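Have a look at the structure below, then the notes.
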Amino acid sequence: MYISIDFNSDEALYLQLRNQIILAIVKSELHEGENLPSVRDLAETIGINMHTVNKAYSVLRQEGYLRLDRRKGAVVAVDIDQMKATMELAETLDLVLAQAICKHVSREDVHELVDRIYERYGSYRD
C-alpha cells in the first residue's frame with residue numbers, strides 16, 4: 001500500500017490517511033484480516049506525527065473499516081452491514097447533493113458522475 005500525504009492541502013492529514021486506506025481497501029490493495037503497519041512505523045514512513053496516524057486508525061475503527069487488536073495492531077475488518085453503510089452514505093450525499101443543486105448541477109450530470117465513479121471502482125469488488 002502506497003500512502004501519499006499532501007502537506008499543502010487544506011484537508012487534515014489524518015483524513016488524507018483515512019481516505020487513502022479506504023481506497024486501498026476498495027481497490028483490494030488491503031484485504032480483510034490484513035495487518036496495517038504499526039502507528040509508529042507508518043508515521044515514520046510517511047513523515048507525520050504518530051498521533052495523526054493514531055487518530056486516522058481510531059476514525060477507521062469507529063467507521064467499521066478496522067479493528068484494533070492488542071497483539072496484532074490495526075487489522076482490516078470491514079464488517080459494516082449494508083443498512084448502516086447506506087445510512088452513512090445518505091448523510092454524506094445529502095450535503096454533497098445540496099451543494100450541487102445550489103450550483104445548478106443537473107440530476108443527469110450527477111447520475112453520469114456516479115456511473116463513472118462506479119465504473120472506476122466497481123471492478124475492484126467483483
Side-chain angles (χ1 to χ4, degrees):
M1 170 183 68
Y2 174 75
I3 300 289
S4 174
I5 298 296
D6 180 358
F7 292 97
N8 296 317
S9 174
D10 290 335
E11 185 175 41
L13 298 178
Y14 81 94
L15 287 176
Q16 290 183 51
L17 179 56
R18 170 202 170 263
N19 295 344
Q20 289 193 39
I21 290 172
I22 291 171
L23 288 173
I25 292 169
V26 78
K27 292 177 180 179
S28 296
E29 293 170 8
L30 290 173
H31 304 282
E32 182 78 23
E34 188 173 338
N35 288 24
L36 271 69
S38 72
V39 170
R40 182 182 307 272
D41 288 346
L42 188 55
E44 210 171 275
T45 300
I46 59 180
I48 61 177
N49 189 292
M50 286 179 18
H51 296 293
T52 303
V53 175
N54 195 42
K55 185 170 184 177
Y57 280 8
S58 292
V59 169
L60 287 162
R61 183 192 54 78
Q62 291 169 354
E63 293 174 340
Y65 296 100
L66 301 180
R67 75 180 149 74
L68 300 177
D69 183 291
R70 290 194 185 273
R71 288 174 276 151
K72 294 183 179 182
V75 179
V76 176
V78 184
D79 62 0
I80 299 176
D81 64 8
Q82 188 173 5
M83 178 73 91
K84 183 178 176 188
T86 301
M87 289 172 40
E88 290 172 356
L89 178 61
E91 289 177 17
T92 302
L93 280 176
D94 191 48
L95 177 60
V96 170
L97 290 176
Q99 291 170 330
I101 291 166
C102 287
K103 296 189 184 242
H104 308 290
V105 176
S106 73
R107 178 186 299 247
E108 292 78 18
D109 288 342
V110 169
H111 284 270
E112 183 180 314
L113 182 59
V114 168
D115 288 342
R116 275 191 277 152
I117 292 169
Y118 258 90
E119 286 175 21
R120 188 171 57 210
Y121 294 116
S123 65
Y124 294 113
R125 288 315 226 184
D126 294 333

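Note that these values count all heavy atoms, side chains included, but never hydrogens, waters or copies made by symmetry. All of these numbers come straight from a predicted model, not from anything done at the bench. Position 1 is the first residue of the sequence; numbering continues from there.
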Which pairs count as salt bridge (charged side-chain N to carboxylate O under 4.0 Å, His left out) when at least one residue sits in residues 7-25, sequence neighbours excluded?
->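 Counting only pairs at least two positions apart or across chains, the salt bridge (charged side-chain N to carboxylate O under 4.0 Å, His left out) contacts touching residues 7-25 are Arg18-Glu63.
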
Side-chain donor-acceptor contacts of residues 101-108 below 3.5 Å, not counting sequence neighbours, with atom names and distances?
residue	atom	partner	partner atom	Å
Ser106	OG	Asp109	N	3.0
Ser106	OG	Asp109	OD2	3.2

Distance from [X] atom [atom1] to [Y] atom [atom2], nearest 0.5 Å?
{"X": "Leu60", "Y": "Leu17", "atom1": "CG", "atom2": "CG", "result": "7.0 Å"}
{"X": "Ile21", "Y": "Leu36", "atom1": "CD1", "atom2": "CG", "result": "5.0 Å"}
{"X": "Tyr57", "Y": "Leu68", "atom1": "OH", "atom2": "CG", "result": "9.0 Å"}
{"X": "Ile22", "Y": "Leu30", "atom1": "CD1", "atom2": "CG", "result": "11.0 Å"}
{"X": "Leu23", "Y": "Tyr121", "atom1": "CG", "atom2": "OH", "result": "4.5 Å"}

Measure the shortest side-chain to side-chain distance between Arg120 and Arg116 over non-hydrogen atoms and say whether it is less than 4.5 angstrom.
->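 Not touching, per the 4.5 Å side-chain cut-off.
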
[X]: side-chain contact (heavy atoms from CB on, under 4.5 Å) partners, not counting sequence neighbours:
{"X": "Glu29", "result": "Ala24, Lys27"}
{"X": "Phe7", "result": "Ile5, Leu13, Ile48"}
{"X": "Leu89", "result": "Leu93"}

Check the pair Ile25, Tyr65 against side-chain contact (heavy atoms from CB on, under 4.5 Å), reporting the backbone distance first and the verdict last.
-> CA-CA 9 Å; Ile25 292 169; Tyr65 296 100; 4.2 Å; yes

Sequence neighbours excluded - side chain to side chain donor-acceptor pair (under 3.5 Å) pairs with any residue from residues 37-51 =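 Matches after skipping sequence neighbours: Ser38-Asp41.
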
Which ILVMFWY residues can you reach from Leu15 by hopping between side chains whose heavy atoms are under 4.5 Å apart?
->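 Leu15 clusters with Tyr14, Val59.
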
With Glu34 via salt bridge (charged side-chain N to carboxylate O under 4.0 Å, His left out) - residues at least two apart =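 So Glu34 forms no salt bridge (charged side-chain N to carboxylate O under 4.0 Å, His left out) with any residue.
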
Could you pull out all residues at least two apart from Arg61 that satisfy salt bridge (charged side-chain N to carboxylate O under 4.0 Å, His left out)?
->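 In terms of salt bridge (charged side-chain N to carboxylate O under 4.0 Å, His left out), with neighbours along the sequence ignored, Arg61 is linked to no residue.
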
Which pairs of donor and acceptor atoms, one on a side chain in residues 70-78, lie under 3.5 Å apart (sequence neighbours left out)?
none

Heavy-atom pair of closest approach, residues Ser4 and Gln16 =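 Where Ser4 meets Gln16 most closely, the heavy atoms are O-OE1, 4.3 Å.
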
